[in-house]
Every structure is written in C-alpha cells, then in structure tokens.
Amino acid sequence: MTQQQKNLVILAGSTRIKGSTSDSIGAFFESEMKKHGWATRRFSLARCVRKNQLMNEMLEKLGQADLIALSVPVYYDSFPALVIEILEALVEKPPFQEHASFLVISNCGLPESLHNDVVIAQSQLFAEQVGLQFAGSLAISEGGAIAGKPLEDIGFLTRNIRRGLTIAAQSLSKGQKIPKNAARLAAKPALPPWIFRKIANRLLSKETKRKKLNAKARPYEEITAGHLG
Amino acid sequence: MAPLLPRNSQQVKVTMKAHIWNGARTDNEKVDHICSHIESSLANRGFQTQHLRIRDLTIKPCVGCSGCYHTRPGQCGIKDDGQAFIPEIPHQDILVMVSRVVFGGVSSTLKKAIDRCNPMTTCIMTGKSDATRFIGRYQTMPKVLFVGLLDDGDGKEAEIFKLFAQRASKSLQASAVSCALFSEADSETIIKENLEDLLHNDWRMA
C-alpha cells in the first residue's frame, strides 16, 4: 500500500530577503525532511509581503500542509514585527487543515538558547489559537556564526544544530513531536559563551579599527537643560 | 529605589520627558484610551509628553542589516518617520509602550517601532550573570513601562507578556522596567486608578 505523501511548508521569518540564518536553517531542515519523502515548499516571509502572488501561493500551500515549520530569528526577545504581522493575519483567517501540525526553529545571535524562550512560548500560543498541533521547538544560539551560509559549509560550529535538525526530522516523519534530545543538541552552543563573546568583540574591534569607526559612538547625545542625568 | 514620580509635584524642578508609543493597530481601540490617560496623568505632573500613534507613522521594519553597528554606529539608515523619534529615546525619562497582548507579546505595529531601537545598543557583548547582553550606547536611558491589554485575562498570555517585558527592557537598555496588564472587561475607572498607582510605585531595575 503506498503511503500518502506528506506536505511540509517552511516559513523563513527573517526580515532579510536573502542570506539569513533563518533561511540557512530552514534549507537544511527542508533537505532532511526530503530524505524522508516529504514534499516541501519554503517561503521567505520578507518576500511574500512584497509580492501578492507569492503571498497567495504561500496561503494556498499552507492550506495543503500537514506540517508547518517556522524558522525565525529573535528580535528584542520575541518575534520580529514582520512575523507577528503574518501570524496576526493567519489567526484572523486560518487556512490550515484540521490535522496539521506546527513547529518552530528559533535562532538568536547571543550564545545562550534561553534568549529564544519568549519566541517558543509565542509559537505555542499561535498554534493553539489557530488549532494547529504543536509539534515542538528547537532553540538555537550563536546564529551570527551562520550568517546565511549553508549549515554544511560551516563545519563544527553547526554540528550540534545539524544533528538536532536531523533527529527532529526523523521523529517528525514518524508522526512524533521533536524529541528532547534533538532540542538539547540544537540548543548546545558550539562555543562556550565567554569564548564566543571574546571572539565576537575582537572581530568587531578589528573591523571598526579598519573602517576607522567608533563602535561606541553616540550620535544622538545632546545635553539639554531639561534632562535629568 | 525611589518612586518614579515625587509625591509632591512641586519637587519637580526640571521638565521630565516621556514618550508614549501607542501600538493600536486601528482607531478607537481601548489602547488609545489607555494612552490618553497616561498622557494626561504625566502632563499633570509636569512631564513634557509625546504621544506617538505608531499606526499613523511610516515605519519600515528593521531589515537586520547591522548598519547601526558596522557602518554608521548608532544610526539607522532607513529613511522614514523612525528618524524623528528614535534619536529622542535617550532624552526621555519614561518610555511607555502600550499595545494589545498578541501571542503574549506586543502588536506588530508596536513591535515595528521596538525593532528599530538597535541604534540604542552597541554590538559589544558582555556577560552579566547568566545571560549575555549587548552594551548600551548611552549613559542614561528611560525607564520603560509596558502596558498590555488582554482579550480575556488569559493566565498564560499574561505570564509570557511579563517575561517579554522583563527581557525586552534589558535589550532596550532600560534603566528600570514596570509592566501593567489590563483586560477588555476592565472599566476605565479601574484602568485609571491602576495606572495612577503604578506611576507612583517603585520601579524594578531592568
């Protein structure tokens, strides 16, 4: 008996049109799910808001999806405004099938996965509000190290993320939620936070020296009589 | 920690400043009324206030270009109405953010404005206690009050909103943070009274 093909829609929630960490993560996850026979479509939300045709196509595919994955960056500890706008619209007019599931892969630039906490919680709320089954979450840190490159090309820095995504894809393909070991792996930073901070700060210092910039510039500083300081 | 507002308004010797960021998506929402209460309450105490109806402004989303870190440190390159109020942020004593609670956070309208606050931060990282943060750019930053309006007082959304307020205030480099939640069912009198109490209470360090 042939198994009915399952449809996956991946939404990349970066505000960048191309070359985003969310895109790279979404692309790797897509390739893993394809190995398990899923039919996939990946949409950039930043592109969809600019083109009506693409937005309509996305809505149509969401209506056919068995699984929806949101790959999203953390902006000020929560969803970027663009993502909230799309999700607000989806709550007003949900296109989803009754049995469809939803998962989130959140990424932040800082070296602790806890910065994804609010996004994960927001995703669960969204799923509840539109009647989707919540299939789990992955919270990724040190996203700046990816910067739009394919995960496979980055080497050991994305090893844990790739392993987490691979395990997640296996479980989801069996109809299960993202398991704890996948979430734990993906959340494990490649570099200890103190090393990540040192390297990031050193790279910034080199770059600003090269460009003759002041990284701590205060262009809006102005001492006015009316301001308590 | 001393209350934000001195109980005797005659003690205010200099003009304090406040921004009220109204995150209502449409006109005539209860959010508008809450903002108006806050505006008049602060004005009665001698604050110079600015009530920004974000929905009426042209604010494009942050595109994550990092230009405010790597190209023109402290300045956003997007030319829109954001250029009018973002530079004012370090000069405010209070920043009030008002919105319906959406997925436990703020509306897309308000979040567009918040996402554009990156110029207030450097991208130099520091490890404080258990969480890395970016170092702020300015010596003084406003106290931030988050006011959320819940549809039905759902417990889960309220808890997530408080967590969001706590975390986002640190990212915004707020000098202190406070958070208030109201329900659609709350009367204007209750909202007014609670806001008055809140503005007189001690604020927590962000």
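By convention in this document, chain letters (A, B, ...) are assigned in the order of the sequence lines, proteins followed by strands, and residues within each chain are numbered from 1.
Residue contact with chain B, scored on non-hydrogen atoms closer than 4.5 Å, is absent for A/Val83. In this structure, chain A has no heavy atom under 4.5 Å from any part of B/Gln48. Neither the backbone nor the side chain of B/Arg72 comes within contact range of chain A, judged by heavy atoms closer than 4.5 Å. Contacts between A/Gln124 and chain B at a heavy-atom distance below 4.5 Å are absent for every atom of the residue. Residue A/Asn201 touches chain B through its side chain alone, counting heavy-atom pairs closer than 4.5 Å. For chain B, the nearby part of A/Lys211 is the side chain; its heavy atoms alone come within less than 4.5 Å. Using a 4.5 Å cut-off between heavy atoms, B/Leu172 contacts chain A through both its backbone and its side chain. Heavy-atom distances place the side chain of A/Glu207, and not its backbone, under 4.5 Å from chain B. Proximity to chain B (any heavy atom under 4.5 Å) is shown, for A/Leu82, by neither the backbone nor the side chain. Contact annotation for B/Thr109: neither backbone nor side-chain heavy atoms come within less than 4.5 Å of a heavy atom of chain A. When heavy atoms are compared at a cutoff of 4.5 Å, A/Ala121 approaches chain B by way of both its backbone and its side chain.
Under the 30°/60° scheme for interplanar angles, the aromatic rings of A/Phe126 and A/Phe96 are found to stand perpendicular. Under the 30°/60° scheme for interplanar angles, the aromatic rings of B/Tyr69 and B/Phe134 are found to be tilted.
With salt bridges taken as basic N to acidic carboxylate O contacts below 4.0 Å, none links A/Glu142 and A/Arg197. The pair B/Asp80-B/Arg116 meets the salt-bridge criterion, since a charged nitrogen lies less than 4.0 angstrom from a carboxylate oxygen.
When the heavy atoms of residues 12-23 of chain A are compared with those of chain B, the residues falling under 4.5 Å are A/Thr15, A/Arg16, listed by number.
Among B/Leu181, B/Val98, B/Val177, the single residue meeting the side-chain contact (heavy atoms from CB on, under 4.5 Å) criterion with B/Phe146 is B/Val177.
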Practice task
Apply side-chain contact (heavy atoms from CB on, under 4.5 Å) to B/Asn22 and B/Leu52, showing your working.
Solution key: CA-CA 6 Å; B/Asn22 180 336; B/Leu52 297 168; over 6 Å; no
Exercise for the section: Run the numbers on B/Asp27 and B/Arg53 for salt bridge (charged side-chain N to carboxylate O under 4.0 Å, His left out), then give the verdict. Expected result: CA-CA 10 Å; B/Asp27 289 343; B/Arg53 287 171 185 79; over 6 Å; no
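For the options A/Pro73, A/Gly109, A/Pro111, A/Ser123, heavy-atom pairs under 4.5 Å to chain B are most numerous at A/Pro111. Each of B/Pro61, B/Gly105, B/Cys123 has some count of heavy-atom pairs under 4.5 Å with chain A, and the biggest count is that of B/Cys123. Annotation: maximal heavy-atom pairing with chain A below 4.5 Å, among B/Leu110, B/Val106, B/Ile124, occurs at B/Ile124. Between chain B and the options A/Ala81, A/Pro80, A/Ser78, A/Ala46, heavy-atom pairs under 4.5 Å are most frequent for A/Ala81.
For the residue pair B/Thr26/B/Glu29, the side-chain donor-acceptor check at 3.5 Å is satisfied. Side-chain contact of B/Arg45 with B/Ser41: a donor-acceptor pair under 3.5 Å is present, judged by distance alone.
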